[in-house]
Novice: 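Pasting a structure here, questions to come.
Naming convention: chains lettered A, B, ... in sequence-line order (proteins, then strands); numbering from 1 in each chain. Hydrogens, waters and symmetry mates are skipped; everything else that's a heavy atom, side chains included, is used.
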Number of protein chains: 2
Amino acid sequence: MTMHAEDPRQRRRDAKIAEILEVAWSLALRDGLGAISLRDLAAAVGLRQPSLYVYFDSKNALYDAMFADGYQQLLSYLDERDYEGDPRDALVDFVRDLLLFSSASAVRHQMLFQRTLPGFEPSPEGYEPSLEFSRRATALCERAGIKDSADIDLFSALMNGMAHQQVANDPGGSRWADQAERAVDMLLAVAHKSTSKTSRTTTPTRAHL
Amino acid sequence: MTMHAEDPRQRRRDAKIAEILEVAWSLALRDGLGAISLRDLAAAVGLRQPSLYVYFDSKNALYDAMFADGYQQLLSYLDERDYEGDPRDALVDFVRDLLLFSSASAVRHQMLFQRTLPGFEPSPEGYEPSLEFSRRATALCERAGIKDSADIDLFSALMNGMAHQQVANDPGGSRWADQAERAVDMLLAVAHKSTSKTSRTTTPTRAHL
DNA sequence: GTCTATATTCGGATAGAC
DNA sequence: GTCTATCCGAATATAGAC
């Protein structure tokens with residue numbers, strides 16, 4: 001019943017879960033994100049298929065863990081970097097780093113930003129790290145002068161599109177990442193410089209970047 | 001053995017295929033593109049499941065037909081419109097129309113531009129209408145002054161991203177479509193105006209818009 | 001062309017022994 | 001926690017009568 005993070009039982013369990021997730025990503029790479037089979041996954045981690053249910057209540061729970069894990073990877077990746085300097089330069093770096101992050105794993109990109117799995121919807125808990133990411137992104141935008149909701153829409157569209165093209169047409173490369181600087185400067189050139197907070201007509205729906 | 005398009009047998013067959021495709025789209029809307037079942041599809045068109053094999057050799061053949069059908073819809077949609085006027089205005093119209101086309105059907109957009117189905121790869125025949133679309137798009141870009149390969153990469157990324165955001169965050173609406181004009185002017189402002197055909201460093205790979 | 005019947009395979013999930 | 005054994009359902013696909 002102990003819930004200490006230091007509990008050796010819990011530690012072993014967490015390690016096993018981490019191992020399963022890692023193998024799940026590689027399996028998704030091989031077969032497609034929507035085509036992972038729990039049988040194959042179990043075999044790849046040296047277990048029989050029913051034993052997976054000790055760690056995940058269902059297949060959707062596995063997807064949920066992968067979703068959260070992907071965003072944790074993203075946040076860790078961003079934590080290693082520094083976006084504190086000149087706002088424009090920081091945004092350029094941020095954009096380039098994001099594109100390289102997507103480029104590194106097409107399936108992870110698909111899980112985090114495309115969300116095309118038939119029945120899967122992330123749970124509130126799994127969703128949380130994705131919100132943290134959104135906060136960081138909008139903060140960097142604001143600091144660089146992209147505040148207007150229409151401008152943010154344009155920014156998010158361009159980022160998403162560049163990431164998708166990077167993943168689809170130059171996986172592992174940097175063909176679109178190399179254009180981060182141009183893209184940011186282009187956006188800054190047309191951004192509304194108004195200090196007022198009037199956000200025109202659009203509704204403030206959640207725009208999942 | 002007659003292969004005339006006027007053959008009443010062939011006409012009935014083609015009509016049935018068209019009906020099946022139409023129902024398949026609505027089924028994809030309901031269950032997800034990757035979750036279509038041939039049983040449900042057959043039932044929805046008043047057939048038993050094995051009878052579908054009279055019209056499609058396999059499930060991938062159905063996907064292939066949907067892929068081609070979606071691009072045919074897109075080409076017909078574009079044929080109804082006029083992009084012959086001022087190059088900049090034509091490109092703006094083209095972009096807005098594209099976004100509204102995507103907005104009208106998320107699953108169709110997914111099939112044409114996301115390509116996230118586990119085992120599916122379009123056949124050369126099904127692929128042909130998509131090439132025709134790419135030709136038209138690049139022609140309009142060139143006419144408006146977007147010729148440099150880096151500029152085309154940026155254009156395709158922005159289009160793809162706006163379409164995705166439109167579909168994901170405002171399906172059926174026009175939140176991003178309304179920004180077509182700003183987006184195009186923004187791109188034209190940074191496009192390389194050089195008349196020379198030097199395309200810098202990047203490789204001329206096929207960039208599926 | 002459409003049907004019934006069935007083959008085949010594979011999926012996720014559960015029961016219960018150890 | 002892991003296993004064996006099994007359930008149950010669903011999927012695509014095929015055989016052969018009508």
Side-chain angles (χ1 to χ4, degrees), chain A residues 1-4 7-24 27-28 30-67 116-123, chain B residues 1-4 7-24 27-28 30-67 116-123:
Chain A
M1 280 270 192
T2 40
M3 302 181 85
H4 288 241
D7 179 0
R9 257 224 261 290
Q10 190 64 29
R11 281 209 52 208
R12 281 181 56 98
R13 182 182 167 85
D14 289 346
K16 192 73 179 177
I17 288 180
E19 181 197 353
I20 295 172
L21 285 177
E22 191 183 330
V23 173
L27 242 171
R30 198 192 61 185
D31 299 335
L33 197 53
I36 295 180
S37 111
L38 296 184
R39 279 180 153 75
D40 289 355
L41 177 56
V45 294
L47 290 177
R48 304 298 173 124
Q49 178 254 349
S51 302
L52 278 183
Y53 283 79
V54 173
Y55 303 100
F56 300 100
D57 290 338
S58 68
K59 192 179 185 182
N60 262 349
L62 171 70
Y63 280 139
D64 210 39
M66 292 178 76
F67 181 82
T116 175
L117 288 182
F120 169 65
E121 201 71 24
S123 67
Chain B
M1 280 268 190
T2 40
M3 302 184 86
H4 290 240
D7 180 359
R9 255 223 264 289
Q10 190 64 29
R11 282 209 50 210
R12 283 182 52 99
R13 182 182 168 85
D14 290 345
K16 193 72 179 175
I17 289 180
E19 182 198 353
I20 295 173
L21 284 176
E22 191 182 330
V23 173
L27 241 170
R30 198 192 62 184
D31 301 335
L33 196 53
I36 295 179
S37 111
L38 297 184
R39 276 179 155 75
D40 291 354
L41 178 55
V45 295
L47 290 176
R48 304 298 173 126
Q49 178 254 346
S51 302
L52 278 183
Y53 283 79
V54 173
Y55 303 101
F56 300 99
D57 289 339
S58 68
K59 193 180 186 181
N60 262 350
L62 171 70
Y63 280 138
D64 210 39
M66 292 178 75
F67 182 81
T116 174
L117 287 182
F120 170 65
E121 201 70 25
S123 67

Novice: Of the options D/dT2, D/dT12, C/dG1, whose atoms approach the side-chain atoms of A/Leu47 most closely?
Specialist: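 When the side chain of A/Leu47 is considered, D/dT2 is the closest of D/dT2, D/dT12, C/dG1.
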Novice: I need the CG-P distance between B/Asp14 and C/dG1, as an integer number of Å.
Specialist: 10 Å
Novice: Starting at atom CG of A/Leu38, determine the distance to atom P of D/dC8, rounded to an integer number of angstrom.
Specialist: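 My rounded result for the distance is 20 Å.
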Novice: Counting side-chain heavy atoms from CB outward, which of D/dT4, C/dA13, D/dA13 is closest to A/Lys59?
Specialist: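 From the listed options, C/dA13 comes nearest.
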Novice: Rounded to the Å, how far apart are A/Leu62 CG and C/dA13 P?
Specialist: 10 Å
Novice: Any base atoms under 4.0 Å from B/Ser51, or only sugar-phosphate, or nothing? Heavy atoms, all strands.
Specialist: base
Novice: If you measure from CZ on B/Phe120 to CG on B/Leu62, what distance do you get to the nearest 0.5 Å?
Specialist: 9.5 Å
Novice: Select one nucleotide: of C/dC3, C/dG11, C/dA13, the one nearest the side-chain heavy atoms of A/Ser37.
Specialist: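 That would be C/dG11.
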Novice: Under 4.0 Å, counting only non-hydrogen atoms across every strand here, what does A/Leu41 touch: a base, just sugar-phosphate, or nothing?
Specialist: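 Contact class for A/Leu41: none.
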Novice: Whole angstroms only, please: what is the CD1-C1' distance between A/Ile20 and D/dG1?
Specialist: 11 Å
Novice: Could you tell me how far apart A/Arg39 (CZ) and D/dT4 (C1') are, to the nearest whole angstrom?
Specialist: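 Rounded to the whole Å, the gap is 13 Å.
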Novice: Return the CD to CG distance between B/Glu19 and B/Leu47, rounded to the nearest 0.5 Å.
Specialist: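 One finds 8.0 Å between CD of B/Glu19 and CG of B/Leu47.
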Novice: Check every atom of C/dA13, C/dC3, D/dG1 against the side chain of A/Pro50 and return the nucleotide holding the closest atom.
Specialist: C/dA13
Novice: Any non-hydrogen side-chain atom of A/Asp31 less than 4.5 Å from a side-chain atom of A/Asp40?
Specialist: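 Counting from C-beta outward, A/Asp31 and A/Asp40 do come under 4.5 Å.
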Novice: Which one, D/dC3, D/dG1, D/dA13, comes nearest to the side chain of B/Tyr53?
Specialist: D/dA13
Novice: By nearest atom, which of the nucleotides D/dT12, D/dC3, C/dG12 is closest to the B/Gln49 side chain?
Specialist: D/dT12
Novice: In whole angstrom, give the distance that lies between atom OH of B/Tyr55 and atom P of C/dG1.
Specialist: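 Taking atom P of C/dG1 as the reference, OH of B/Tyr55 is at 6 Å.
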Novice: Taking atom P of C/dG12 as reference, at what distance in whole Å does atom CG of A/Leu52 sit?
Specialist: 10 Å
Novice: Return the CG to CG distance between A/Leu27 and A/Leu33, rounded to the nearest 0.5 Å.
Specialist: 11.0 Å
Novice: Let me know the distance between CG of A/Asp57 and P of C/dA13, rounded to the nearest Å.
Specialist: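 After rounding, the reported distance stands at 10 Å.
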Novice: Would you name the heavy atoms of B/Phe56 and B/Leu21 that are closest together and state the gap between them?
Specialist: CZ-CD2, 4.3 Å
